[in-house]
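Here is the naming used below: chain letters follow the sequence lines, and residue numbers restart at 1 for every chain. Below, all heavy atoms of this structure are taken into account, side chains as well, without hydrogens, waters or symmetry copies.
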Amino acid sequence: MIREGHFGFYEAFSLMTIVLITKLFYTSPMVIIKSLGTAAWYGTLISCGITLVFFALLFSLMARFPQQDLYQIFEAVTGKIVGKILILIFAVYLLYKAGITLAEFIAVLNVYSMPYTPQSVLVFAFLLLVVAMAYVGLEGIARVAYVFFYPIIGSLFLLLLLAIPNYDYCYLTPLLGHGLLRTMETGVIRSAAYGEIVFLAVIINSIHGLKNFKKVGFITVISAGVIFSLCLSCILAAFQYTVGGEHLSGMYQLSRIIYFSRFLQRVESIFLFIWVITSLITVSFAFYLALSSYCRAFKIQNHRPLLLPFSTLVFVLALYPDNIAEIIEVHVKVLRAYSSLILMFIPIMVLIMALIRGKKGEKANDQAKP
Amino acid sequence: MSEQQGILSKLIALITYKKKNRPKTFTLAEMGEGQDAGNPNTNDQSNNRKKNSGDSRSNNTENIVQDSVKQQEKIVPGKPRRRALKKPFSPSELKSTRIEGDKVRSDIDSNIEVIKQVFGLPKNKDLIIREFQVGRKRRAFIAYLDGMADKNIINMYILSPLFKVQESDLPEGKGLNSSLESIIETNDTKNQDSIKKVATEILKGNTALYVHGLDYFLTCETIGFEKRGVEAPKTEGIVKGPQEAFGENLRTNVALLRRIIRNSNLITEFFEVGEKSSTTVAVLYLRDVVNPAIVKEVSRRLSNIAIDFLGNAGMLEELIEDNPYSIIPTILSTERPDRTASHIVEGRVAIVVDGAPFAMIVPVTMNALMHSPEDSSLKWQYTVGLRAIRFFAFFAASMLPGLYIAITTFHREMIPTDLLIAIAKAKENVPFPTIIEILLMEMGFELIREAGIRIPGIIGNTLGIIGALILGEAAVSANIVSPVLIIIVAVTGLSNFAIPNYSLAFGVRLARFYYILAGALLGFYGIVLALGGYVLMLVNLKSFGIPFLAVIAPKGRKSKDVILRWPLWMQEARPDYLNPLDRRRQPEIARRWAQEDPDKA
């Protein structure tokens, strides 16, 4: 088994929060504003609420098997073969997520900031660092996330504050958007946007067990929900829902309209910093977990020799979509709307199976005895 | 062919699975980790120690003899004898095998012969062997190195008393030892029954005395070579605070520290490093404060260095640091005794090399490298401001040219229009692309700096300033670089000098070119990626098991002396990441007088 190292509450919280909020900087605000209109800001809170319910279920599953991570639970409940298949499904999903997240990031970067640089060059440079991060391992990625957490959150709030003169709060009305039913429906479907929280159960042994798992999980989902909602409100207030649904990256557009004087304007550089770093941490995390999951499925002791083949796969995946429309309409939809089938459905099914078959972890069994 | 195979197998290894044993590393238990996390480390250490002690080949002749006896014992009777393949002895081992045994003989002629053999006489001219008679009946001799020992001490306190001894004053047998010790008037004498130890003492500058019939030498402390006195610091000068620096003499350096920390718990351990140079290395720590695991690790590393020559502290630093490939130093070198003492009191270990005017402090974190010795002498409010400037200097020195090239080449829209026009105007007549301009100026600056160090005395500094001015002015006039760029390079250079640690400043100079390359290739995107890589490197560095970014990542208990410096009376605890034996530095209320009623006192 790979030695993944240990890190504390703050590192885990920073890592998971960054992983959850990264999509805010891509096309997600555009998609959600397009489908929910002025109700987008609380539509995401509904998704957040659904994820909290899911996380409570996930916690009950983890509590039945203390000292075991999600993959070990898969094997313990469903048997070795099915368990390994489930782990491999996670590995493939993570690899796909790494590739498509990178493709989305590069596509938006190419449109806004680096129009003349070939995408392959941008992907290659990015992957070099992702491989370095994965080479170092999960502990290194978590530490990097923690170091950058405060600058990222600080810069994000600075952006929102600097754009205040452009806000018109009337743009948040009508409050019910395209209708409450539609908001509820979309909110439930898009709860997959917070689905990455399930990976906390995969790395549970690195974050000192259940107590930290519960704390990190709930706080991260709530924080991410608040940040999402706040940013969506700001985008809506600045651009109104019709224009807000047209911008490829709402947050980037927000940074471009900041104007205080002839000198203090166009502060995209702040945004570019947050954008690149959050993407880097998210893709590295997904890439490393994909590698780690694959190694777990086949009992490979060292993940480093797999870096080159896996990075080649991510490179190919990142350049696979023909255009940005394909990324948004096909791949991002799969990731942020239907991935709950993998991220949420599988753990819940495993929980139900564990309940039916009465399976428990060693310590839970001991505690159950009088 | 074999080289080709090597490259091929390395390439194949990149894409195939190959099991590799992880090198064992020393780590201290981190914050929040329980005892379980610490135990494997101690096991690792003990395993490492066992392994290393098993691997190291002793120079001692007795060990060599024992090894050969053991090898002979392993031969199974009945089986045909195969010639054992042995690793060739090193020259020093061969030399020691020539001397039959390490024990001191009981006759004077053999001992003179052995000493001559050890020091290569008669070819070697600086060993003095002076034969004489004690009490007109016993033959004796002294041996010392010319220039290393103080001749006045030898004449007045060793030879003179021995010449004055009467025959009747010298008892026979065991009584002779105590009698000799009372005759010799030097401050320290030792009995040595090993030739190797006698040779070491002579090499240090002591004098070895042998009297016929004894089976040991008496070594007397006569160290008296020329040395530099205590002078003002050259690279860590401050305005307010002590103005003395370490010198080349180890004893003086240790004394300077002892004078500051007057505490019986201050321990000084000595190690010898270097097969040929036998350089003495002192390790100093406060035994009731320091984490014993750190001391053990320092001892383990120092005792397991197999090198022929140790000339200075920099060489030792390279041999004992955790990450030799890192461009950032993980050991703090300082020439100031006061700074060293403050670190020892915090729970760190100081390593002082004989002949080096620097002490090395381990373990250290990034923030320790950014602190200046003056920080504790100034009011805390001033220190906070100065530290903010230093951190700005750190970022400016490493990233400013890279950012300039990224913004002017890739993201011109980010520059406010007026500034953009000013930059464009200044650059109008320059024929080179920005990257060439920057590299030209940076190379020019580095050349001036390097040349300034080589040119002796005051001319060096003058050349630095004048050279930079003339070079910059001439380059602008000749339309080789733009004036804005001169400002960028000058600010970068100044920022580099504001970094308080010399080695860290070097690391930043290298990092600057890394950011320039990233900025030139991919603009701001490249800079941010490069920054990510740089931070990744920093979070993975360790200094004697302590994460280099400790307190920040991994997050530890809040410290009142990291980036901000709070008032001294608020700094109640020693750094948490060191896990010191005594965490509390001072009671909660350090300024007790503030609690008292002045009228009642």
Legend entry - Heavy-atom side-chain contact between B:Val528 and A:Leu272 under 4.5 Å: no

Inset, instruction - Compare all side-chain heavy atoms of A:Met133 with those of B:Leu536 and state whether any distance is below 4.5 angstrom. - result: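 Yes. Closest side-chain heavy atoms under 4.5 Å.
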
How about [atom1] on [X], more than 12 heavy atoms from neighbouring residues, nucleotides or ligands closer than 6.0 Å, or not?
X        : atom1 : result
B:Tyr534 : OH    : yes
A:Lys84  : NZ    : yes
A:Phe315 : CZ    : yes
A:Tyr259 : OH    : yes

Legend entry - A:Glu11 side chain vs B:Lys555 backbone, donor-acceptor pair below 3.5 Å: yes

Inset, instruction - Heavy atoms only: give me the nearest A:Leu129-B:Leu529 pair and the separation to one decimal. - result: CD2-O, 2.9 Å

Roughly how far, to the nearest 0.5 Å, is [atom2] of [Y] from [atom1] of [X]?
X        : Y        : atom1 : atom2 : answer
B:Asn540 : A:Glu139 : CG    : CD    : 8.0 Å
B:Leu522 : A:Met114 : CG    : CE    : 5.0 Å
B:Leu549 : A:Tyr146 : CG    : OH    : 11.5 Å
A:Thr117 : B:Tyr525 : OG1   : OH    : 9.5 Å

Legend entry - Pairs where residues 522-536 of chain B contributes a residue and the test salt bridge (charged side-chain N to carboxylate O under 4.0 Å, His left out) is met, not counting sequence neighbours: none

Legend entry - Part of B:Leu531 within contact of chain A (heavy atom distance under 4.5 Å): both

Legend entry - Residues which pass salt bridge (Lys or Arg N to Asp or Glu O under 4.0 Å) with B:Arg565, listed by chain and number, not counting sequence neighbours: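 Checked B:Arg565 against salt bridge (Lys or Arg N to Asp or Glu O under 4.0 Å); zero matches.
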
Legend entry - For chain A, the option from B:Ala553, B:Ala406, B:Gly526 that forms the most heavy-atom pairs under 4.5 Å: B:Ala553

Inset, instruction - Considering only heavy atoms and a distance below 4.5 Å, find which of B:Leu419, B:Val539, B:Leu538, B:Ile527 pairs most often with chain A. - result: B:Val539

Inset, instruction - Check whether A:Leu280 gets within reach of chain B through its side chain, its backbone, both or neither, counting any heavy atom under 4.5 Å. - result: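 Only the side chain of A:Leu280 comes within 4.5 Å of chain B.
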
Inset, instruction - Sort A:Ile281 into side chain, backbone, both or neither according to what part of it lies under 4.5 angstrom from a heavy atom of chain B. - result: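 Nothing of A:Ile281, per the 4.5 Å heavy-atom cut-off to chain B.
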
Legend entry - Top contributor to chain B interface from A:Trp275, A:Phe7, A:Phe126, A:Tyr116 [non-hydrogen pairs under 4.5 Å]: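 Most heavy-atom pairs within the cutoff with chain B belong to A:Phe126.
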
Legend entry - Largest heavy-atom contact set with chain B, pairs under 4.5 Å, which of A:Leu128, A:Val136, A:Val147: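 Max contact count across the listed options: A:Val136.
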
